[in-house]
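Each remark here refers to the structure printed beneath this line.
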Amino acid sequence: MSGEKGLLVSKIRDGTVIDHISAGKALKVLRILGITGSEGFRVAIVMNADSRKLGRKDIIKLENKYLSKKEVDLIALVAPTATINIIRDYDVVEKYNVSLPEEITGLIKCPNPNCITRKPREVALSRFRLLRKDPVVLECCYCGARVLGEDVEKYLEA
Ligand code: CTP
Ligand code: ZN
């Protein structure tokens with residue numbers, strides 16, 4: 001954040017800060033991570049913070065919570081500019097950009113209603129291959145149906 005003057009939420013001692021989320025996407029990031037607030041760890045969400053790089057950005061702070069790299073990379077589906085900061089004893093000990101995994105399993109519903117992964121009695125988890133990163137193009141491994149760009153949000157599993 002640009003200086004500590006405009007700090008709305010205090011620094012955390014340990015945990016994860018998801019920074020540089022495009023403004024308006026914070027809740028979608030939480031959704032993709034499956035974080036509801038009932039897990040017990042403290043969550044801070046700042047929306048529309050000032051950012052030199054993005055103009056406006058959202059920030060999420062997860063206290064005493066660490067995510068796997070794979071989990072975190074799914075954030076790229078809705079917030080490709082996000083950066084992940086790992087905090088230990090108030091210091092940023094690791095920082096990296098999110099990047100989409102080549103395969104995404106069990107997170108996005110196939111848009112094809114006849115796909116085997118949509119049949120209530122089948123146990124097949126949805127599985128998509130990443131065809132293109134920006135804008136995102138995903139292809140169902142079972143039926144070949146594609147999910148494009150912003151539509152990803154529409155097809156997120158509940
Ligand atoms: N942060 C935090 N608690 C800490 C340390 C950092 O909440 N103990 C937050 C900062 O407020 C910031 C993010 O983690 O939102 C990254 O921190 P830092 O790398 O210090 O900030 P910048 O240098 O501005 O990061 P960048 O270069 O990625 O913009
Ligand atoms: Zn399909």
Side-chain angles (χ1 to χ4, degrees), residues 1-27 29-30 33 35 37 41-67 69 72-73 75-77 79-99 101-132 136-149 151-158:
M1 279 216 266
S2 44
E4 296 308 285
K5 215 168 40 170
L7 206 62
L8 191 59
V9 170
S10 61
K11 301 222 156 200
I12 58 173
R13 178 194 284 273
D14 295 289
T16 305
V17 176
I18 310 167
D19 200 355
H20 304 293
I21 302 166
S22 1
K25 302 288 185 186
L27 295 178
V29 167
L30 288 175
L33 293 173
I35 293 170
F41 51 87
R42 210 140 46 165
V43 179
I45 306 165
V46 181
M47 296 192 208
N48 299 312
D50 294 307
S51 161
R52 254 164 301 162
K53 285 182 223 163
L54 300 173
R56 297 266 151 181
K57 67 174 180 179
D58 290 356
I59 308 165
I60 298 170
K61 303 193 185 193
L62 308 173
E63 205 171 42
N64 296 317
K65 173 69 182 172
Y66 301 95
L67 302 157
K69 174 134 175 31
V72 140
D73 282 347
I75 292 170
L77 284 171
T81 56
T83 55
I84 305 302
N85 299 272
I86 310 297
I87 315 292
R88 290 193 201 274
D89 203 13
Y90 288 106
D91 286 337
V92 178
V93 294
E94 208 185 324
K95 185 190 286 278
Y96 58 87
N97 298 312
V98 297
S99 67
E102 291 303 316
E103 257 193 30
I104 295 158
T105 304
L107 195 80
I108 294 159
K109 200 161 72 175
C110 184
N112 168 13
N114 296 316
C115 180
I116 187 166
T117 60
R118 296 277 303 268
K119 303 281 178 233
R121 261 173 293 169
E122 293 290 340
V123 287
L125 270 186
S126 74
R127 197 149 61 89
F128 286 87
R129 219 184 342 263
L130 181 67
L131 291 191
R132 204 170 61 192
V136 169
V137 180
L138 301 172
E139 187 181 67
C140 176
C141 295
Y142 293 94
C143 75
R146 291 184 178 184
V147 181
L148 312 176
D151 281 351
V152 163
E153 295 168 20
K154 234 172 37 199
Y155 294 111
L156 282 180
E157 303 263 24

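In listed order, ligands and their atoms are each counted from 1.
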With a cut-off of 3.5 Å and sequence neighbours excluded, list every side-chain donor-acceptor pair involving residues 109-116.
unit_1: N112; atom_1: OD1; unit_2: N114; atom_2: N; d: 2.8

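One option in H20, E63, R13 has a heavy atom closer to atom 29 (O) of ligand 1 than any other, and that option is H20. For atom 26 (P) of ligand 1, the choice among K57, K11, K95 with the nearest heavy atom turns out to be K95.
Contact atoms of ligand 1 toward I87: 4 (C), 5 (C), 6 (C), 8 (N) (distance under 4.0 Å to a heavy atom of the residue). For ligand 1, the atoms sitting less than 4.0 Å from at least one non-hydrogen atom of Y90 are 4 (C), 5 (C), 8 (N), numbered in the order shown with element in parentheses. Atoms of ligand 1 found under 4.0 Å from any heavy atom of K61 (numbered from 1 in listed order, with element): 2 (C), 7 (O), 11 (O). Listed by number with element, the atoms of ligand 1 under 4.0 angstrom from any heavy atom of I12 are 2 (C), 3 (N), 4 (C), 7 (O), 8 (N).
Here the closest non-hydrogen pair linking V98 and P80 is CG2-O, 3.7 Å. Here the shortest heavy-atom pairing between L130 and P101 reads CD2-O, 3.6 Å. A pairwise comparison of heavy atoms in V9 and A44 identifies CG1-CB, 3.6 Å as the closest pair.
Inside a sphere of radius 2.8 Å centred on the Zn ion (ligand 2), the protein N/O/S atoms present are C110 SG, C115 SG, C140 SG, C143 SG.
Under a cutoff of 6.0 Å and an axis angle of 45°, R118 and Y142 do not form a cation-pi pair.
Formation of a donor-acceptor pair under 3.5 Å by the Y155 side chain with backbone atoms of L107 is not found in this model. Under a 3.5 Å cut-off, the side chain of S126 and the backbone N or O of I108 do form a donor-acceptor pair. The closest donor-acceptor contact from the side chain of N64 to the backbone of G15 lies at 3.5 Å or more, if one exists at all. Between the side chain of D58 and the main chain of A49, no donor-acceptor pair closer than 3.5 Å is present.
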